[in-house]
Amino acid sequence: MEEYRRIADRVEAAVRDGRLRPGDRLPPQRVFARRHGIANSTAIRVYGELARRGLVVGEVGRGTFVRAAPPPSGPALVEATGAAPVDLQLNYPFVDGQPELMARALAALARPGVLTGTLARPAAADGTPEARDAAATVLARPGWAPDPGSVLFAGSGRRAVAAALSALVPPGGRLGVEELTYPPLKALAERLGIRLVPLALDAEGVRPGALAEAHRAAPLAAVYLQPTLHNPLAATAGEERRAALAALLRRLDLTAVEDVTWAFLDPSAPAPLAAYAPERVVLVDGLSKRLAPAPTVGYLVAPGRLRAALAEALRAGAWTADGFALAAATRWAGDGTVAETVAAKRADAAARHALVLRRLAGHTFRTSPHAYFCWWELPAPWRAETFTAAAAARAGVSVTPGSAFATGPGAAPRAVRVGLASPPHAVLDDALARLAALAAAGPR
């Protein structure tokens with residue numbers, strides 16, 4: 001076993017047996033390295049491994065904190081909280097009847113002759129004409145539909161983002177990004193050597209003035225935006241804001257990566273930014289939220305001038321879709337599975353939103369009837385890290401602290417994101433009630 005994993009195991013044991021408690025702060029990584037006689041780079045890997053295991057979380061400007069002991073193999077957590085642990089961090093919606101819908105296409109693919117063609121090799125970056133036509137149907141919005149010839153395929157929406165950033169931003173380059181953003185983007189930027197430049201937000205997302213100011217300070221290579229159902233704030237930009245951003249992209253000669261992963265939930269939202277400035281926007285999307293995490297595909301709608309570079313980035317990064325997933329996605333689009341599941345998830349999101357309104361009444365939060373997540377601004381004296389740890393230890397519910405989304409060096413948000421998609425409605429309702437009671441009780 002590698003050294004960093006052995007050290008991470010020892011820290012995990014300390015969390016399990018109570019020597020490290022929820023809310024305790026770990027020493028800075030350099031201090032940790034000296035104490036354990038390891039290199040700073042190894043300490044960084046230890047902290048990364050602890051975060052991957054869900055044991056710690058970093059708060060910008062404050063340090064790294066213990067979240068809670070991992071779920072034990074026995075009933076200890078159930079006995080301590082009176083309820084089974086509920087995960088409101090993972091956020092993959094799954095609705096009644098969905099397995100049966102998806103099985104229709106998979107059954108048609110599970111024939112030896114078909115499997116030979118789909119399993120033998122990865123799909124090409126541009127898929128097949130049938131796949132491109134199906135993708136264009138899935139991605140179409142009121143007032144906009146992509147040219148099927150502009151569609152490229154990735155192994156997931158996250159891989160589509162990776163390919164877009166790899167093609168647009170050189171190592172050491174600056175990427176404008178919302179000051180609160182999709183957490184895996186931060187890890188991806190670190191792996192690619194990209195510097196994130198936080199952009200101030202308002203009720204509609206990134207302010208055009210903030211983008212212009214950041215580019216004046218030092219040129220940006222590109223900008224990453226979530227104009228519809230921004231994760232974690234659930235904000236959606238109106239038509240005027242989108243038009244202003246499109247004009248600004250042209251004036252600054254900038255390209256935007258528009259992530260519309262959650263936009264399928266809001267049929268009333270304006271057309272994507274790609275409709276306002278098709279030559280300046282790479283739109284990325286995927287089936288993970290519409291359907292399920294696996295098998296899945298990601299989509300890129302590529303401006304003509306960038307299509308070759310994006311296709312090469314997909315191939316070079318091994319981010320292309322696999323043949324079986326692409327074949328399944330094509331069938332799901334054609335047989336009505338995607339459309340039927342999307343309709344069910346829109347209704348499901350609205351029902352879960354009603355639970356939030358009831359259980360968190362009187363609290364300050366941001367969400368939408370179309371969103372599968374809620375941004376909860378915690379009452380004083382709670383801090384995000386201590387609430388997250390207490391929620392796991394005292395209420396048996398895991399949520400995501402605001403620091404996971406923060407891209408700037410400022411004070412960590414005193415907020416948590418509550419994922420609404422995964423548990424059954426009754427379980428979610430009970431978990432929200434537990435969280436509200438915890439917030440009212442305050443820290444111990």
Side-chain angles (χ1 to χ4, degrees), residues 68 71 77-78 81-99 180 203 226 228-236 261-269 288-293 340-379 382 384 387-402 404-405 413-442:
L77 184 56
V78 175
T81 65
V86 180
D87 189 342
L88 300 187
Q89 291 183 290
L90 287 178
N91 213 25
Y92 286 101
F94 212 73
V95 293
D96 291 342
Q98 188 176 331
L180 296 171
Q226 304 170 82
T228 305
L229 292 179
H230 169 276
N231 180 14
L233 299 180
T236 292
T261 296
W262 290 107
F264 74 93
L265 289 170
D266 187 357
S268 64
S288 293
K289 306 301 185 183
R290 281 182 178 85
L291 293 180
E340 192 169 342
T341 305
V342 163
K345 289 186 177 181
R346 287 171 178 169
D348 183 58
R352 292 168 186 269
H353 174 75
L355 298 179
V356 173
L357 295 183
R358 182 161 68 95
R359 290 301 187 182
L360 299 188
H363 290 270
T364 301
F365 57 86
R366 297 179 63 175
T367 186
S368 161
H370 308 290
Y372 267 126
F373 44 85
C374 168
W375 181 253
W376 183 9
E377 297 178 10
L378 298 168
W382 282 111
F387 184 84
T388 300
R394 292 163 52 185
V397 182
S398 61
V399 295
T400 308
F405 301 88
R414 199 176 71 195
V416 295
R417 193 200 74 164
V418 182
L420 308 175
S422 299
H425 287 213
V427 175
L428 174 63
D429 186 48
D430 178 65
L432 291 171
R434 284 187 254 162
L435 291 175
L438 176 66

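Counting only distance, with no hydrogens or angles, the side chain of Arg414 and the backbone of Glu377 share no donor-acceptor pair below 3.5 Å. Here the side chain of Ser422 pairs a donor or acceptor atom with the backbone of Tyr92 at under 3.5 angstrom. A donor-acceptor contact shorter than 3.5 Å links the side chain of Arg434 to the backbone of Ala395. A donor-acceptor pair under 3.5 Å is absent between the side-chain atoms of Ser368 and the main chain of Ala234, judged by distance alone. In this structure, the side chain of Gln89 does not engage the main chain of Ser398 through any donor-acceptor pair within 3.5 Å.
Atom CG of Leu88 and atom SG of Cys374 lie 10.5 Å apart (nearest 0.5 Å). Atom CH2 of Trp382 sits about 9.5 Å away from atom CH2 of Trp376, to the nearest 0.5 Å. Distance check: Arg359 CZ to Leu435 CG gives 11.0 Å after rounding to the nearest 0.5 Å. Atom OG1 of Thr400 is separated from atom CZ of Arg417 by 5.0 Å, given to the nearest 0.5 angstrom.
Looking at Gln98, Arg290, Glu340 one by one, the single match for side chain to side chain contact (heavy atoms under 4.5 Å, CB included) with Lys345 turns out to be Gln98. Checking Thr367, Asp348, Asn91 one by one against Tyr372, the side-chain hydrogen bond (donor to acceptor under 3.5 Å, both in side chains) holds for a single residue, Asp348. When each of Phe405, Phe365, Trp262 is tested with Phe373 by the rule ring-ring contact (aromatic ring centres under 6.0 Å, His included), just one qualifies, namely Trp262.
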Check: Where do Leu265 and Lys289 land on the side chain to side chain contact (heavy atoms under 4.5 Å, CB included) test, with the steps shown first?
Finding: CA-CA 10 Å; Leu265 289 170; Lys289 306 301 185 183; over 6 Å; no

Margin query: Before you tell me yes or no, could you show the steps for Thr261 and Leu229 under side chain to side chain contact (heavy atoms under 4.5 Å, CB included), namely the whole-Å CA-CA distance, both residues' side-chain angles and the distance that decides it to 0.1 Å?
Written below: CA-CA 9 Å; Thr261 296; Leu229 292 179; over 6 Å; no

Next item on the list: Decide yes or no on side chain to side chain contact (heavy atoms under 4.5 Å, CB included) for Arg352 and His425, but give the supporting numbers first.
Entry: CA-CA 7 Å; Arg352 292 168 186 269; His425 287 213; 3.3 Å; yes

